[in-house]
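What you see is a predicted model; the values in this text were computed from it and never measured. Letters A, B, ... mirror the listed sequences (proteins, then strands); counts begin at 1.
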Protein chains: 2
Amino acid sequence: MATIKDVAELSGVTVTTVSRVLNNRGYLSEKTKKKVSEAIIALDYHPNEMARSLAQKQTSLLGVIVPSLLHPYYSECINALEKHASSHGLKLLVCNAQRSPQKEAEYIDMLKANKVAGLVLCTNSRSSVRLLANLPVVTLERSISSNVPAIVCDNTQGGQLAARHLIAQKCTNLVMISGNRSTEERANGFAKMCEQVHIPYKILKTNQSQFNHLDYTDLIQEIFTDPAVDGVFASSDVIATQVIQACHKKGLSIPEDMKIVGFDDVELSRMVSPRLTTIHQPIEELCKEAVQTIIDWDKERGKEQIILPVRLVQREST
Amino acid sequence: MATIKDVAELSGVTVTTVSRVLNNRGYLSEKTKKKVSEAIIALDYHPNEMARSLAQKQTSLLGVIVPSLLHPYYSECINALEKHASSHGLKLLVCNAQRSPQKEAEYIDMLKANKVAGLVLCTNSRSSVRLLANLPVVTLERSISSNVPAIVCDNTQGGQLAARHLIAQKCTNLVMISGNRSTEERANGFAKMCEQVHIPYKILKTNQSQFNHLDYTDLIQEIFTDPAVDGVFASSDVIATQVIQACHKKGLSIPEDMKIVGFDDVELSRMVSPRLTTIHQPIEELCKEAVQTIIDWDKERGKEQIILPVRLVQREST
DNA sequence: AATAATATGTCAAGCGTTTGACATATTATT
DNA sequence: AATAATATGTCAAACGCTTGACATATTATT
């Protein structure tokens, strides 16, 4: 593997000069630039990123910690993060904390040791906040501390939109299935809207183990204990999908007997039958903002929370 | 941030000694080890991985290039790769080539510049083979060159199993929807089995653009041109899912009017209704072997192709 | 023609580790 | 008591790049 030294020798200048043309800094004559560029091509030279990082005390790596790699929501986040990161020359270092705060802490240490340029946190545990010092960090769809900028969607609005839509579709008795901490606002918006128009509703909470296995079938059974229920708002498309399955099993047709609204608008919502009506989360934009926040970190740009609007996408389940 | 020098000073030894206890090489007295360990803890010292990599000329990064991050198959691969990589102290650098050979080549250059310990390739383009010199590489569910070890599942067997199962379920007229190059063997196995028992069949080929958008609806319509068709083998669960949707739209009930078998056995196959009968790919094992091959690279272990068996999982779509 | 401004380039000290070569102390073997 | 073997450490040169400080050449300004 050719080094910067080889390039310098071949082009008859010093390594400094080569470094200058590499990074395009300081004055350089066109002639020199050309000579060096030719040598670079001739030697098929690629700068050693390790050496570069060491000298600069920073890499072009962007860390991401997610609670799961199987949940389609995080797959889509990773997709969008990779896209925006790579467009800025950043590479994605993907970590799956599997909802273990301890694993998460280990990953944070690891990422710091690897001198990542920044970290996008998609997990909940506040326990790791103190580890985050001196590291550009942003949380996605989570708030863990006022010191850490959070990029979130308007969850309250999402809950309201879902309730309003179900009500507009003539539902008279609603149930929401609420997930982990971050879906509380969705539940709040949902409840508020129901109360405003005096529609009876119930909120069912999932537990950790259910989230871990993406299996909510037991909980979903509770929907059917009250035969009056004719509309369900699920706090994720994954949960909504299982509600669909449960309805099929019960012989209820959708949307005639039961209307269902999901949340996230991941690919999955277009793959099930009937296709899901759902609250669209602007994953692309969320991730774009997240990457941008990391990149602008030193520019002392505002580091406060960013809230992006959501919208309802109607399909066949309502 | 504390450096190895600080640790050395605090514990009254030289950096070499600290490095020795860090890497546990050479003779060390228990007393020294303890002194150093204490200093490490006291200073909350974490070795700078960049410096370490530079000195060792290798990182603990494992590169992965996939053609898509939205396709659930690759999500599951990444999940499994991350799991096995991290259990060996390797971190996952995820690259989405988006099926562009040029992007793929760029990523390979980037990964080499970053001195990754190895690369897991989940893409097709043979064009990048020459870039792969001097880099531990393994392909997953792909074969691009006899010089590059490939970890694949028994696709021919998968095709046979699917055909045999549909036939056993009393299907009399079959269609297979075949995807990109890597699904050819699945088609071959399928065709062979059909011919063996004289069952009429047809094979429909998807094109690149369809794969790109995960949208096969147009192609799927062709299934219904022949009303005698009563069984479909899709070369992926994603395709099978769309066949289900098309059947619903046509008013065909599954499995009564149409039986469907997918391939991959990703989470999605359990989320649709009816749940999919599918060929289970041992993704976990494939990825485990892939990581192991990279780790054992220098041990001159066999670098030939590894073929893992598949099995049929029957659910509700047949 | 003297001076300033600009352009072009070199030197050498880092960045934080690892590691082969070497030195000294301690213990076991004859 | 001499010798060998083992244990415990230290020195200093790499690894490949960046960058502030400095030197010289060229051009513009007065």
Side-chain angles (χ1 to χ4, degrees), chain A residues 1-40 43-61 89 109-117 134, chain B residues 1-40 43-61 89 109-117 134:
Chain A
M1 268 270 145
T3 74
I4 200 173
K5 234 181 204 161
D6 301 322
V7 176
E9 267 172 38
L10 184 58
S11 44
V13 298
T14 65
V15 295
T16 308
T17 304
V18 177
S19 174
R20 285 221 200 307
V21 357
L22 242 32
N23 300 290
N24 202 31
R25 55 198 320 277
Y27 307 109
L28 263 340
S29 69
E30 282 307 320
K31 217 180 83 194
T32 307
K33 274 189 203 169
K34 190 162 165 254
K35 256 191 322 190
V36 173
S37 302
E38 283 170 1
I40 285 175
L43 295 169
D44 190 28
Y45 166 73
H46 292 268
N48 180 327
E49 287 293 331
M50 293 302 104
R52 190 178 265 217
S53 303
L54 182 58
Q56 290 175 149
K57 298 171 157 222
Q58 175 162 121
T59 63
S60 55
L61 260 30
D109 274 343
M110 181 276 277
L111 292 170
K112 287 171 84 174
N114 276 279
K115 302 286 178 256
V116 295
N134 317 318
Chain B
M1 269 271 144
T3 74
I4 200 173
K5 236 180 202 162
D6 302 322
V7 175
E9 266 171 38
L10 184 59
S11 45
V13 297
T14 65
V15 295
T16 308
T17 305
V18 177
S19 174
R20 285 220 199 308
V21 357
L22 243 32
N23 299 290
N24 201 31
R25 55 199 319 276
Y27 306 109
L28 262 343
S29 69
E30 281 308 319
K31 218 179 85 195
T32 306
K33 275 190 201 168
K34 193 164 163 250
K35 258 192 320 192
V36 173
S37 302
E38 282 169 0
I40 286 175
L43 295 169
D44 190 29
Y45 166 74
H46 293 268
N48 181 325
E49 288 293 331
M50 293 303 103
R52 191 180 270 225
S53 303
L54 181 57
Q56 289 174 152
K57 299 171 157 222
Q58 176 162 119
T59 64
S60 54
L61 260 30
D109 274 343
M110 181 276 277
L111 292 170
K112 285 170 86 174
N114 276 279
K115 303 286 179 254
V116 295
N134 316 318

Determine the contact category for [X]: base if any of its heavy atoms lies under 4.0 Å from a base atom, sugar-phosphate if only primed atoms, P, OP1 or OP2 are that close, otherwise nothing.
X	value
B:Ser29	sugar-phosphate
B:Thr32	sugar-phosphate
B:Thr17	base

Choosing from C:dT19, C:dC15, C:dT17, which nucleotide comes nearest the side chain of B:Arg20?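 Selected nucleotide: C:dT19.
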
Would you indicate which nucleotide in C:dA12, C:dC15, C:dG20 comes nearest to any side-chain atom of B:Arg25?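 From the listed options, C:dG20 comes nearest.
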
B:Val13 or A:Glu49: which one's nearest nucleotide on DNA chain D is closer to the 5' end? B:Val13

Starting from [atom2] on [N], measure out to [atom1] on [X] and report it in whole angstrom.
X	N	atom1	atom2	result
B:Arg52	C:dT18	CZ	P	5 Å
B:Ile40	C:dT17	CD1	P	10 Å
B:Ile4	C:dC15	CD1	P	14 Å
B:Leu22	C:dT19	CG	P	11 Å

Distance from [X] atom [atom1] to [Y] atom [atom2], nearest 0.5 Å?
X	Y	atom1	atom2	result
B:Thr3	B:Leu43	OG1	CG	9.0 Å
A:Tyr45	A:Ser37	OH	OG	12.5 Å
A:Lys33	A:Ser11	NZ	OG	14.5 Å
B:Leu111	A:Glu49	CG	CD	11.0 Å

Chain A contact limits on DNA chain D, taken 5' to 3' with a cut-off of 4.0 angstrom to heavy atoms: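 Going 5' to 3' along DNA chain D, contacts run D:dG16 to D:dA21.
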
Any salt bridge linking B:Glu30 with B:Lys34? Criterion: basic side-chain nitrogen under 4.0 Å from a carboxylate oxygen. no

Using five pairs at each end of the helix from C:dA1-D:dT30 to C:dT30-D:dA1 to define an axis, what is the angle between those two axes, to 10°? 40°

Would you mind writing out the side-chain donor-acceptor pairs for residues 15-22 of chain B within the sub-3.5 Å range, not counting sequence neighbours?
from, atom 1, to, atom 2, distance (Å)
B:Thr17, OG1, B:Thr14, OG1, 3.4
B:Ser19, OG, B:Asn23, ND2, 3.4

Taking only the side-chain nitrogens and oxygens of A:Lys57, find out if one of them lies under 4.0 Å from OP1 or OP2 of C:dG16.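 For A:Lys57, the contact criterion (side-chain N or O under 4.0 Å from OP1 or OP2 of C:dG16) is met.
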
Is there a donor-acceptor pair closer than 3.5 Å between any side-chain N or O of [X] and the backbone N or O of [Y]?
X	Y	answer
A:Asn48	A:Met50	yes
B:Thr32	B:Leu28	no
A:Thr59	A:Lys115	yes

Could a donor-acceptor pair under 3.5 angstrom be found where the side chain of B:Thr16 meets the base of C:dT18? no

